[in-house]
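Notes for the one structure printed next.
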Number of protein chains: 2
Amino acid sequence: MAPRKQQEIFDATLALLARRGYESLTIEGVAELSGVNKTTIYRWWPSKPALLAAALMEADALAFDPPDTGTLRGDLEALVEGVIALLTSPPSSDIAVAALGAAVHHPELNIGAFFADRFAREQEIFERARVRGEPAATADPLMVLDLLAGAVWVRAIFRGLPVEAGFARRAVSAVLDGVGSEGGDAA
Amino acid sequence: MAPRKQQEIFDATLALLARRGYESLTIEGVAELSGVNKTTIYRWWPSKPALLAAALMEADALAFDPPDTGTLRGDLEALVEGVIALLTSPPSSDIAVAALGAAVHHPELNIGAFFADRFAREQEIFERARVRGEPAATADPLMVLDLLAGAVWVRAIFRGLPVEAGFARRAVSAVLDGVGSEGGDAA
């Protein structure tokens with residue numbers, strides 16, 4: 001399938017997910033919105049969960065390139081800014097929330113694979129920091145990313161509170177410098 | 001209503017939520033499972049979201065007392081252990097996941113009020129640390145709790161990965177000491 005056609009199918013899938021939720025998402029609806037024949041869609045993705053999983057992983061709308069700012073701190077701040085943008089600006093915030101809602105009810109969506117794919121690419125950030133000899137590069141990348149990504153989800157989605165300016169810088173400072181140290185995250 | 005009867009209604013509400021999901025939860029079902037007349041339930045909680053919001057806030061099954069171990073580090077570790085237990089042991093993990101799924105689709109559940117209520121009580125931990133003169137007590141409590149609670153959600157629920165032994169200690173050390181410092185969260 002031509003890449004552009006594939007992206008149109010993914011866009012339609014994510015738009016319908018965000019608008020109507022997973023239960024109301026159908027391959028027929030995606031066919032209608034994208035203008036692609038539904039038998040063509042079924043040939044490539046044999047089920048709704050397969051189509052949605054592919055869209056989450058491969059849609060340009062959710063594309064992800066690990067930042068490369070020259071320092072671990074800068075890279076992590078850029079990464080957190082990216083999660084903030086994803087979770088606070090429509091349509092990506094509607095897509096993310098709908099995908100989370102669907103994922104917790106439908107293990108067949110295998111959202112863990114989505115996070116594993118992102119994590120594999122995020123590790124570059126730590127590898128480059130190791131090459132540069134930064135001390136924090138010895139940290140456990142999974143723990144650092146769980147803390148930072150989790151903070152944005154809790155603040156923006158669970159609490160429904162604003163993510164204030166400086167949140168990314170302060171979150172990264174907390175994890176790299178510690179809040180108990182001088183120069184840490186003082187209130 | 002007698003407190004014990006109220007708890008039976010809340011238990012039935014959360015059990016049905018965990019078993020069947022929010023869409024299939026009905027006050028009739030809660031009446032049947034709890035053995036309480038449905039008109040009695042409606043008199044106290046006029047709608048399904050009102051009943052579920054009350055159950056999430058007031059059920060003994062989700063009761064929460066801020067730990068008091070004598071140090072901020074100990075209290076935060078105990079808090080993280082509590083979130084790990086909540087999110088990895090049934091039935092509370094099923095309840096939490098179903099509640100999250102419902103909350104993202106149904107803003108009328110006002111899950112933000114649930115988190116605000118918890119946060120109001122968690123702040124005690126930081127107030128006691130301030131009285132003791134601990135340096136980390138000047139940290140922003142909301143940021144610290146967003147990082148720590150978020151890490152458990154991302155690891156256990158989003159990634160679907162095991163929360164290894166020592167996770168709470170390592171997560172708290174990352175936030176209090178920083179991963180870039182000596183004695184930090186080295187891999």
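Letters A, B, ... mirror the listed sequences (proteins, then strands); counts begin at 1.
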Of B:Val152, B:Leu147, B:Val154, the one forming a side-chain contact (heavy atoms from CB on, under 4.5 Å) with A:Leu147 is B:Leu147

[atom1]/[X]: more than 12 non-hydrogen atoms of other groups inside 6.0 Å:
X        : atom1 : value
A:Gln123 : CD    : yes
B:Arg169 : CZ    : no
A:Glu108 : CD    : yes
B:Arg20  : CZ    : no

Counting only non-hydrogen atoms closer than 4.5 Å, does [X] touch chain B with its backbone (N, CA, C, O), its side chain (CB onward), both, or neither?
X        : answer
A:Phe114 : neither
A:Leu161 : side chain
A:Ile111 : both

A:Gly180 and B:Ala136: which non-hydrogen atoms are nearest, and at how many Å? CA-CB, 3.6 Å

Exercise: identify the closest heavy-atom pair between A:Met143 and B:Arg155: N-NH2, 3.9 Å

Among the options A:Ile157, A:Leu100, A:Leu72, A:Leu148, pick out the one with the most heavy-atom pairs lying under 4.5 Å from chain B. A:Leu100

If you round to the nearest 0.5 Å, how far is CG of B:Asp177 from CG of A:Asp177? 11.5 Å

Out of curiosity, B:Leu142 CG to A:Arg170 CZ, how far, rounded to the nearest 0.5 Å? 8.5 Å

Any idea which of B:Trp153, B:Phe119, B:Phe158 has the most non-hydrogen atom pairs under 4.5 angstrom with chain A? B:Phe158

